[in-house]
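Worksheet for the structure shown next.
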Amino acid sequence: MSYSRKFNTGMHKWIGVLSLFILFTSACKKDKTELVKVPLVVTDYYPNSGAQGTLVTVEGTGFSNKADEISATFSGVKAEIVSASSTAVVMRAPASATSGAIIMKVNEESISIGNYTYQELSIQAISPVNGAAGTHVRITGAGFSSTTGPAEVYINGKMAVVVSASDNLLVAEVPEDAGTDPVTVKVNGKEASGQTFKFQVISGIKPASGGKGTRVKISGGGFDEVTAGNHVDFNGKLALVTEAAEDYLVVVAPADVQTGPVSVTINDQKATGPVFTVVPMPVIESVTPLSGPSGAEMTILGSNFSPHTDENKVTINGKSTTVLTATPFKVTLTIPGGTGDGKVILNVNDQIVQGPDFKDQSLGISKMTPDNGLSGTRVTITGTGFSATASANTVTFNGLAAQIVSATATSLVVITPPALTSGPVKVVNAGQSALSLS
């Protein structure tokens, strides 16, 4: 083998070793940066009472999947850890303990869980764990029977009607406006709390009308904070959920949307809200003025607009405007200026319609009084950018020149020409031209 071949072989080996070293150190660095400690937090525990040997579930974050990394005490007495995951730990109430505090330790970090009472009365589980007013909740446990009076059930402090009762099973109806909180049972002066019941309610929808593709915000409570956990339908037609929080959802109305109530189903429990009304696409009949300066008022006439100003969005050549007033047939807005020349676009609850072209300039026609008549009719043209010198303005009716009687910067008084025919009115001043509606 020649010296050059030996050198190349050695170099290849050295490069390979160096590459492995870089790869290894990079992987180590990556592992270090990706290690994010989840905080140790307790969100719920149940039951908060029971006999010795009762299984107590603690829910939260930052736990360990390894039972030997977790320990717990009831009033200082060590408890058995039955199972463990990163979000839930199940422990057994020790036989020799007394009523008092539960303390849990995860990898030497301690956290207080709450108090546990040794007694016969205990709530072991509830089903379902979520629902709307009127939902029947099955409460399993012990010690529900009483000789002095029936067991009482409360959700978030509000009394629920007990539909049926036995020593280890209660069925209660969720009251109106129950709210989200643990289910509590009271018997013979004793009290026990179980799992948290998540109260589902739809308090409102906005907008309450629109069509396919309309984005609707559903306000309320008890929603799943993961979008996939909420199933929303418009009168039975499934909608797409794009945002989710405990107190609101944002959804997109489906293509086959029909007028009817909006419902949210979570874990097979349905809450029904207000009616969403399907309306036709908006129609623009006229826009005045079709040209004008910043600060001038524009009026859009038509149909199927929203009476709520914030549900009508108007852009001129892509630039947003401020909507001043709104009715189902009329929208007024302020021309922002600096738009350039372009289309007027009206968006009513995500139903979009295109209007005429607008000219960004000082000259504009906003109104004519009267807007119809015969040859020789005296007409007042109101607008902006006119010359106060009558002869500096040119006015034509469908191409025929009109006589200008008087002029100000915002008003022209003219006489319609002979042989008048229907058509647009045009004003020309200082090289700019403005058109009225046809």
Side-chain angles (χ1 to χ4, degrees), residues 128 130-132 135 198 200-287 300-321 323 326-331 333 342-357:
N130 64 287
T135 301
K198 203 170 188 180
Q200 289 172 232
V201 62
I202 298 175
S203 57
I205 61 172
K206 186 173 177 58
S209 64
K212 66 177 182 179
T214 296
R215 289 173 62 85
V216 178
K217 184 175 183 178
I218 303 172
S219 301
F223 303 141
D224 196 314
E225 294 182 32
V226 178
T227 55
N230 306 279
H231 297 271
V232 180
D233 69 84
F234 286 60
N235 200 24
K237 306 295 184 182
L238 197 63
L240 173 67
V241 181
T242 60
E243 292 181 42
E246 196 278 332
D247 59 349
Y248 78 90
L249 300 172
V250 177
V251 301
V252 179
D256 51 355
V257 62
Q258 297 175 354
T259 296
V262 174
S263 299
V264 178
T265 301
I266 303 168
N267 298 327
D268 296 324
Q269 301 302 310
K270 177 180 278 192
T272 300
V275 168
F276 179 82
T277 303
V278 176
V279 295
M281 288 285 291
V283 175
I284 293 177
E285 293 174 357
S286 68
V287 176
I300 303 175
L301 299 179
S303 58
N304 305 324
F305 305 158
S306 172
H308 306 287
T309 55
D310 62 335
E311 293 180 6
N312 305 277
K313 295 178 175 61
V314 181
T315 60
I316 300 174
N317 196 31
K319 186 169 183 177
S320 297
T321 67
V323 175
T327 73
F329 310 101
K330 179 180 177 181
V331 169
L333 57 105
K343 293 286 183 186
V344 175
I345 305 293
L346 174 62
N347 180 328
V348 182
N349 294 333
D350 299 305
Q351 310 301 293
I352 299 172
V353 61
Q354 181 173 281
D357 287 315

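- Using a 4.0 Å cut-off between charged side-chain N and carboxylate O, Lys198 and Asp224 make no salt bridge.
- Of the possible polar contacts, one joining the Thr242 side chain to the Val250 backbone as a donor-acceptor pair under 3.5 Å is found.
- The closest side-chain donor-acceptor pair between Thr315 and Ser320, if any, does not fall under 3.5 angstrom.
- For Lys330, the NZ atom counts as loosely surrounded, since its 6.0 Å shell holds 12 or fewer non-hydrogen atoms of other residues, nucleotides or ligands.
- Residue pairs that meet the salt bridge (Lys or Arg N to Asp or Glu O under 4.0 Å) test with at least one member in residues 211-222, sequence neighbours left out, are Arg215-Glu243.
- For the pair Gln200 (side chain) and Gln269 (backbone), a donor-acceptor distance under 3.5 Å is present.
- Not one N or O on the side chain of Thr227 forms a donor-acceptor pair closer than 3.5 Å with the backbone of Val241.
- For the pair Val278/Phe234, no side-chain contact is recorded, criterion being any heavy-atom separation below 4.5 Å from C-beta on.
- Counting all heavy atoms, side chain and backbone alike, Thr214 lies closest to Pro207 at CG2-CG, 3.7 Å.
- Within the 4.5 Å cutoff, the side chain of Ile300 has heavy atoms near those of the Val314 side chain.
- Atom CD1 in Ile284 sits 8.5 Å away from atom CD in Gln354 (nearest 0.5 Å).
- Val264 has its side chain within reach of Leu249: a pair of non-hydrogen atoms, C-beta onward, lies under 4.5 Å apart.
- The two atoms that bring Val279 and Ser209 nearest to each other are CG1-CB, 4.1 Å, heavy atoms only.
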task = Could you walk me through whether Lys206 and Glu311 pass the side-chain contact (heavy atoms from CB on, under 4.5 Å) test, one step at a time?
result = CA-CA 9 Å; Lys206 186 173 177 58; Glu311 293 180 6; 2.9 Å; yes
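- Here the OG-CD distance, from Ser306 to Gln351, works out to 11.5 Å after rounding to the nearest 0.5 Å.
- Closest heavy-atom contact between Val323 and Asn312: CG2-O, 3.2 Å.
- Around the CG atom of Asp268, the shell of radius 6.0 Å holds no more than 12 heavy atoms that belong to other residues, nucleotides or ligands.
- Looking at Thr135 and Pro128, their side chains come closer than 4.5 Å, going by heavy atoms from C-beta outward.
- Using a distance-only test at 3.5 Å, with no hydrogens or angles considered, a donor-acceptor pair links the side chain of Asn130 to the main chain of Ile266.
- Qualifying salt bridge (Lys or Arg N to Asp or Glu O under 4.0 Å) partners for Asp357, counting only residues two or more places apart in sequence or in other chains: Lys343.
- Not counting sequence neighbours, Phe305 has no partner by the ring pair (Phe, Tyr, Trp, His ring centres under 6.0 Å) test.
- Judged by distance alone, the side chain of Glu246 and the main-chain N or O of Gly222 form a donor-acceptor pair under 3.5 Å.
- Residue Phe223 comes nearest to Ile218 through the heavy atom pair CE1-O, 3.7 Å, listed as atom of the first residue, atom of the second, then distance.
- The side-chain heavy atoms of Phe276 and Ile205, taken from C-beta on, include a pair separated by under 4.5 Å.
- The OH atom of Tyr248 sits 10.0 Å away from the OG atom of Ser219 when rounded to the nearest 0.5 Å.
- In this structure, CG on Asp350 lies 7.0 Å from CD1 on Ile352, to the nearest 0.5 angstrom.
- Residues Ile202 and Val262 share a closest heavy-atom pair of CD1-O, 3.6 Å.
- Smallest separation of non-hydrogen atoms from Ala239 and Pro254: CB-CD, 4.0 Å.
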